[in-house]
Amino acid sequence: MDIIIYPPTINWTFMKQRPQQLMKKFADSGYKVFYCNQTQTEKDIEEISPNLFIVHNHDQWLKEILPKARKNKKVGIWCSWAKLASTLKKYEPNWIIYDCVDEFADWIKYEPEMVKIADAIVCTAERLKKKLQNNYPTKRTELIRNAYDPEMMLHENSKDIIIPKKKIGYIGAWAPWIDEELISRLARTLNYVEIEIIGIEFGKKFNLHHIPNIKFLGHKPHSELPNFLKNYSLCIIPFRINPITLATNPVKMYEYLATGHPVVSTNLPECYLAQPYVDVANNHVDFINKVRNRLQNPGNSLERKQFALNNTWSHRVNQAIHLIREISK
């Protein structure tokens with residue numbers, strides 16, 4: 001049983017996103033996975049599911065536990081934060097994969113060092129892949145998008161649900177890339193519809209409390225999200241168009257589609273590629289019109305669910321395992 005280490009980047013309980021999903025699926029596939037929390041405590045290493053361990057005391061684990069665990073095993077690093085490049089040699093890895101998940105300007109300056117030591121790069125969006133291949137033409141680069149987690153059971157929840165009132169949902173960080181004006185215009189134009197927003201405030205304060213048909217519920221645990229999602233008539237991805245969102249493959253897109261509900265997005269390349277399962281709008285008026293239309297004519301829910309089920313985290317990890325076997329021969 002070979003080992004995969006996810007070095008300290010974000011805490012396991014911060015939000016259940018790509019790192020947690022991939023590491024859980026690696027563990028399910030037989031790897032021994034050590035997920036290192038960014039916040040360090042004196043708490044002992046914690047096995048939260050078979051083969052998946054949360055490292056709370058990194059220094060102790062590095063000195064006492066990892067040397068014993070690695071005996072006669074290959075050790076790999078799956079790293080999604082380029083700034084950690086200079087710290088990875090202490091793990092004495094057999095291979096390193098750099099998982100490029102976003103195009104944040106503050107991260108790019110660390111990328112050359114990370115790419116130099118990586119055996120391969122994976123990324124989440126076509127735009128990222130093209131950029132990486134252009135910048136690092138000799139480095140192996142693979143596209144491994146985000147995905148849907150069937151354990152959320154979203155694909156089984158909405159079949160016979162009767163929604164008494166039209167309700168639109170957005171689940172995700174309330175961040176600078178949110179088009180606040182678009183949401184405001186949507187709420188005022190379709191004032192008979194309730195818009196529900198769930199997520200943490202991430203570099204941006206929520207300032208739409210004065211609009212009566214918008215409800216901001218803040219952060220909710222990942223386990224509670226299905227209970228909200230099943231009650232929506234339609235889900236939205238109201239992102240501004242900028243370098244970050246142009247390179248975004250939204251996890252929420254797959255989770256929305258798994259419910260079978262219509263999904264309307266601004267013109268993000270990765271959502272454009274998901275047509276016809278996602279309706280993509282070119283401007284505010286087009287977005288509002290598409291929402292209005294889908295509230296009246298929802299379309300084929302089974303096809304949306306099937307798209308999500310054809311794009312699960314198990315599919316992504318199978319891609320990743322193939323790559324790992326190739327680079328660690």
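One-based numbering along the sequence shown.
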Sequence neighbours excluded, which residues qualify as salt bridge (charged side-chain N to carboxylate O under 4.0 Å, His left out) partners of [X]?
X    : answer
R70  : none
K68  : none
D149 : K16
E270 : R145

Which heavy-atom pair separates [X] from [Y] by the least distance, and what is that distance?
X    : Y    : value
Q40  : V55  : NE2-O, 4.3 Å
E224 : F228 : O-CD1, 3.3 Å
E113 : A85  : CG-CB, 3.9 Å
I197 : I214 : CD1-CG2, 3.9 Å
T245 : W177 : CG2-CB, 3.6 Å
E196 : Y232 : OE1-OH, 2.8 Å

Is it true that [X] and [Y] have a side-chain N and a carboxylate O under 4.0 angstrom from each other?
X    : Y    : value
K205 : E201 : yes
K109 : E111 : no
E326 : K329 : yes
E194 : K167 : yes
D99  : R18  : yes
R127 : E103 : yes
K43  : E46  : yes

Taking C-beta and beyond as the side chain, do [X] and [Y] meet within less than 4.5 Å on heavy atoms?
X    : Y    : value
Q319 : E142 : no
L132 : K139 : no
I121 : R140 : no
C235 : P262 : no
L208 : E180 : yes
T312 : P150 : yes
D28  : K25  : yes
H261 : L234 : no

- Quick note, side-chain hydrogen bond (donor to acceptor under 3.5 Å, both in side chains) partners involving residues 286-298, not counting sequence neighbours, are D279-R294, D286-K290, N289-R292, N293-N297
- Might you work through the ring pair (Phe, Tyr, Trp, His ring centres under 6.0 Å) test for H58 and Y91, ending with a clear yes or no? CA-CA 11 Å; H58 183 270; Y91 301 110; 5.7 Å; yes
In one Ile/Leu/Val/Met/Phe/Trp/Tyr side-chain cluster, 4.5 Å: [X], [Y]:
X    : Y    : value
Y170 : F216 : yes
L143 : V101 : no
V285 : L186 : no
L217 : I211 : yes
L246 : L273 : no

- Query: What residues, two or more places apart in sequence or in another chain, satisfy ring pair (Phe, Tyr, Trp, His ring centres under 6.0 Å) together with W313?
  - Reply: none
Between [X] and [Y] (side chain of the first, backbone of the second, donor and acceptor by atom type, cut-off under 3.5 Å), is there such a pair?
X    : Y    : answer
N231 : N227 : yes
T259 : Y256 : yes
N94  : V75  : yes
K74  : S328 : yes
K166 : L295 : yes
N11  : Q38  : yes
N300 : L302 : yes
N213 : V193 : yes
N134 : K130 : no
S223 : P221 : no

- Item | L52 side, atom CG; E47 side, atom CD - distance, nearest 0.5 Å | 8.0 Å
- Task: Return the orientation label for the F26 and Y31 ring planes: parallel under 30°, perpendicular over 60°, tilted otherwise.
- Result: perpendicular
- Query: So which of Y6, W78, F14 actually passes ring-ring contact (aromatic ring centres under 6.0 Å, His included) with Y35?
  - Reply: Y6
- Message: Could you check whether N311 and R316, counting side-chain N and O atoms only, form a donor-acceptor pair closer than 3.5 Å?
- Response: yes
- Using a distance-only test with no angle check, is there a side-chain donor-acceptor pair under 3.5 angstrom linking D119 and Y98? no
- Message: If you take the centroid of each ring, where Trp contributes its six-membered ring, are F53 and W61 closer together than 6.0 Å?
- Response: no
- Query: Aromatic ring centroids of W174 and F202 under 6.0 Å?
  - Reply: no
- Message: Given Y148, which partner from the list H315, E255, H155 fulfils the side chain to side chain donor-acceptor pair (under 3.5 Å) test?
- Response: H155
- Quick one: which of N249, N146, N310 gives a side chain to side chain donor-acceptor pair (under 3.5 Å) with Y254? N249
